[in-house]
Amino acid sequence: MKLPNLEKAKIRNEKEVEYIDATIKKDVSLFRGKKYFLKTYGCQMNVHDSELIKNLLEGIGFLESDKMEGSDIVVLNTCAIRENAHDKVFGFLGRAKHEKSINPNLIICICGCMAQEPSVCEEILSCHKLPNLLMNKINKTDIEVESIEGNVVENLEYIRDSKISAWVNIMYGCDKFCTYCIVPYTRGKQRSRKSEKILEEVEKLKRENYKEITLLGQNVNAYGKDLEGELSFAELLEKVSDIGIERVRFVTSHPWDFTDELIDVIASKPNVMPYIHLPLQSGSSRILKLMGRRYTKEEYIKLYDKIKKKIPAASISTDIIVGFPGESEEDFRETLEVVDYCKYDSAFTFIFSPRVGTPAERLKDGTTLKEKEERLKRLNELVNKYSLLANQKYEGKIEDVLIIGPSEKGADLVCGYTETMKLVNVLGATSRVGEIVKVKITEAKSFSLNGEAIL
Ligand code: 5AD
Ligand code: SF4
């Protein structure tokens, strides 16, 4: 049995990326009548990968079950980005272990980023020795780890969760190596899909009547840089936009590769949505340097200003890490200053979580967890204030909302998103799922809006 190797994953092998066609033989008689339970953790990439896993399993006869109990296979699509993601998966594995003690034939399959981490695999493997711990019924031969540095597989089929909104991978992996981040190791080197394949997929989605697509990559702005003669991300986005799907989105952007050309495409194409996720990570240039982010606070603000000037309607969200090793109170205050300046529509905030094998894991860290928690609290208060302010600007306005389905807030409500990615609970549109509806916004909350459909 071979474990994945983080050290090796660091070295980008020179081997050319192979572009191969999916060769998946479908035979539903193989596992007819068997059930699978799939649990997904983490980012949109994982959510989309799970749509692929569903297709693979259903292609060989499995049917999806919404509970682990009574299933024949449990698939955990895992995330490794922060320790709490690990904890959640291990918590869930505890339940799976219990289920296996009832049904010894149960197959437990762990895939995704955690399965690429050697320390995690060792932890899972060693568990079989401890009777009352995880997966004690499994012996070593039951566990296989496959770690592939990366080809690009084309013509994949998915069972998409939605008939309205679809994910489209445009690239895999990441070469940025931000010093805190595990992704370049677990997801491997950057591999762009060929643009003609992406465009083919988008055209198919258009024929299938999808209303929205989201182009996916860890760092979409670097699209094509690993392929000679390939389109830039701005050029790709323009071509995708011309296919004519009502709404085109993309995640995630790295400020480093965000070109003027890209801003112009977003500004000029009405179906490219004015919503940009632009991770800041820290407002201190000193910390940004330690993070390996390749921009300063000033450069980030300059980019922000440029985007806001050319796309005034743009809503901008961000990711921020507090408590990176060596972050002083002064560094943290600079982060608050940038938040005050950018007044983000929304922000995802995290406490730094050391990831095994990353450079930041080895940095000295004098800040206590208590201080970090306190910084996170102060940061959250500020970002929540700006989220509410941003939402309040919508009150009384009429917005185009793509209705995606029932709302959790009431049986007579549906929910959907504005062009700027604001979640709206809508009254009077229960029969209009899948349509873009004009909605008058009646009330703003911190994380959602309420509105009424205008007929
Ligand atoms: N600790 C805390 N947050 C992290 N992120 C990535 N790695 C870490 C880490 N080790 C955050 C970043 C990234 C988001 C997806 O997760 O803010 O943008
Ligand atoms: Fe991680 Fe994003 Fe940096 Fe890539 S660009 S290393 S995915 S934080």
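In terms of the ring-ring contact (aromatic ring centres under 6.0 Å, His included) criterion, residue partners of Phe324 (sequence neighbours excluded) are, by chain and number, Phe352.
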Can you list the steps and then say if Arg375 with Glu327 is a salt bridge (charged side-chain N to carboxylate O under 4.0 Å, His left out)? CA-CA 11 Å; Arg375 281 181 197 166; Glu327 182 191 71; 3.0 Å; yes

Determine, step by step, whether Glu337 and Lys297 satisfy the salt bridge (charged side-chain N to carboxylate O under 4.0 Å, His left out) criterion, reporting the C-alpha distance in whole Å, the side-chain angles of both residues, the deciding distance to 0.1 Å, and the verdict. CA-CA 10 Å; Glu337 269 170 38; Lys297 167 189 179 181; 3.3 Å; yes

Which is it for Phe62 and Val75 under the side chain to side chain contact (heavy atoms under 4.5 Å, CB included) test, yes or no, and what are the steps along the way? CA-CA 12 Å; Phe62 280 98; Val75 183; over 6 Å; no

Would you check, one step at a time, whether the test side chain to side chain contact (heavy atoms under 4.5 Å, CB included) holds for Phe233 with Leu215? CA-CA 10 Å; Phe233 180 59; Leu215 305 179; 4.0 Å; yes

Tell me, with the steps shown, if Glu200 and Lys204 meet salt bridge (charged side-chain N to carboxylate O under 4.0 Å, His left out). CA-CA 6 Å; Glu200 262 172 34; Lys204 183 161 174 266; over 6 Å; no

Derivation and outcome, side-chain hydrogen bond (donor to acceptor under 3.5 Å, both in side chains), residues Thr420 and Ser315: CA-CA 6 Å; Thr420 50; Ser315 90; 4.8 Å; no

From CA spacing to verdict: side chain to side chain contact (heavy atoms under 4.5 Å, CB included), Asp305, Tyr341: CA-CA 10 Å; Asp305 285 342; Tyr341 186 85; 2.8 Å; yes

Check step by step if side chain to side chain contact (heavy atoms under 4.5 Å, CB included) holds for Thr259 and Asn221. CA-CA 8 Å; Thr259 60; Asn221 316 78; over 6 Å; no

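When every heavy atom of Cys181 is checked against every heavy atom of Ile81, the shortest pair comes out as SG-CD1, 4.4 Å. The minimum heavy-atom distance between Cys174 and Val183, with the atom names listed, is CB-CG1, 4.2 Å. Taking each heavy atom of Val424 and Val439 in turn, the nearest pair found is CG1-CG1, 4.3 Å. In plain terms, the two heavy atoms of Ile73 and Cys109 that are nearest each other are CD1-CB, 4.4 Å.
Using modelled atom types, one finds no donor on one side chain facing an acceptor on the other under 3.5 Å when comparing Ser446 with Asn384. A donor and an acceptor atom, one from each side chain of Ser282 and Ser284, are nowhere located under 3.5 Å apart. Checking Asn77 against Thr40 by side-chain atom types alone, no donor-acceptor pair falls below 3.5 Å. Side chains of Asp331 and Ser328: a donor on one and an acceptor on the other come within 3.5 Å.
The closest donor-acceptor contact from the side chain of Ser71 to the backbone of Val74 lies at 3.5 Å or more, if one exists at all. Side chain of Tyr304 to main chain of Cys342: a donor-acceptor pair is present (N/O by atom type, distance under 3.5 Å, no hydrogens or angles). Put simply, the side chain of Glu381 never gets that close to the backbone of Arg378: no donor and acceptor are under 3.5 Å apart. Between the Lys364 side chain and the Gly326 main chain, no donor and acceptor come within less than 3.5 Å of each other. Using modelled atom types, no side-chain atom of Gln116 and backbone atom of Arg187 make a donor-acceptor pair closer than 3.5 Å. Side-chain N or O atoms of Asp226 include one that pairs as donor or acceptor with a backbone N or O of Ser192 at under 3.5 Å. Proximity of a side-chain donor or acceptor of Lys35 to a complementary backbone N or O of Ser65 within less than 3.5 Å is not detected. Although no hydrogens or angles enter the test, the distance criterion places no donor-acceptor pair under 3.5 Å between the side chain of Thr358 and the main chain of Ile182. One N or O on the side chain of Gln190 and one on the backbone of Ala222 form a donor-acceptor pair closer than 3.5 Å. No donor-acceptor pair closer than 3.5 Å links the side chain of Glu238 to the backbone N or O of Val265.
Side-chain contact between Asn46 and His48 is absent, with no heavy atoms from C-beta onward closer than 4.5 Å. In this structure the side chain of Leu303 reaches within 4.5 angstrom of the side chain of Ile263, judged on heavy atoms. Considering only heavy atoms from C-beta on, Arg160 comes within 4.5 Å of Leu205 through its side chain. Between Phe250 and Leu236 the shortest side-chain heavy-atom distance does not fall below 4.5 Å. Using a 4.5 Å cut-off on side-chain heavy atoms (C-beta onward), Tyr223 and Val220 make no contact. Side-chain contact between Leu38 and Lys54 is present, with at least one heavy-atom pair separated by less than 4.5 Å. Between Phe447 and Leu423 there is no side-chain heavy-atom pair separated by less than 4.5 Å. Proximity of Gln218 to Lys176: side-chain heavy atoms (C-beta onward) are nowhere separated by under 4.5 Å.
The residue from Tyr275, Tyr417, Tyr394 that alone fulfils the side-chain contact (heavy atoms from CB on, under 4.5 Å) condition with Lys422 is Tyr394. Screening Asp345, Thr318, Thr252, Asp319 against His277 for a side chain to side chain donor-acceptor pair (under 3.5 Å) leaves a single residue, Asp319. Just one residue in the list Lys194, Arg193, Lys197, Arg191 forms a salt bridge (charged side-chain N to carboxylate O under 4.0 Å, His left out) with Glu154, and that residue is Arg193.
Residues Asp400 and Arg247 are not paired through a salt bridge, judged by the lack of any N-O separation under 4.0 Å between the basic side chain and the carboxylate. Ion pairing between Lys225 and Asp175 fails under the 4.0 Å rule for side-chain N and carboxylate O. The existence of a salt bridge linking Glu203 and Arg207 is excluded, since no basic side-chain nitrogen approaches an acidic carboxylate oxygen closer than 4.0 Å. Salt bridge annotation for Glu330-Arg333: present, with a cationic side-chain nitrogen under 4.0 angstrom from a carboxylate oxygen. Under 4.0 Å is where a charged nitrogen must lie from a carboxylate oxygen, and between Lys310 and Asp260 no such pair does. For the pair Glu83 and Arg355, the salt-bridge criterion is met [side-chain N within less than 4.0 Å of a carboxylate O]. Using a cut-off of 4.0 Å between Lys/Arg side-chain N and Asp/Glu carboxylate O, Lys26 and Glu157 are scored as salt-bridged.
Atom NZ of Lys309 is surrounded by 12 or fewer heavy atoms from other residues, nucleotides or ligands within 6.0 Å. Surrounding CD of Glu208 are more than 12 heavy atoms belonging to other residues, nucleotides or ligands, all under 6.0 Å away. Other residues, nucleotides and ligands contribute at most 12 non-hydrogen atoms within 6.0 Å of the NZ atom of Lys239. Atom NZ of Lys269 sits in a crowded spot, with more than 12 heavy atoms from other residues, nucleotides or ligands closer than 6.0 Å. With a 6.0 Å radius and a threshold of 12 heavy atoms from other residues, nucleotides or ligands, Lys343 has its NZ atom above the threshold.
To the nearest 0.5 Å, the span separating CD1 on Ile243 from CG on Leu199 amounts to 5.0 Å.
Counting only residues at least two apart or in different chains, ring-ring contact (aromatic ring centres under 6.0 Å, His included) contacts with residues 201-221 are absent.
Ring pair Tyr36/Phe31: centre-to-centre distance not below 6.0 Å.
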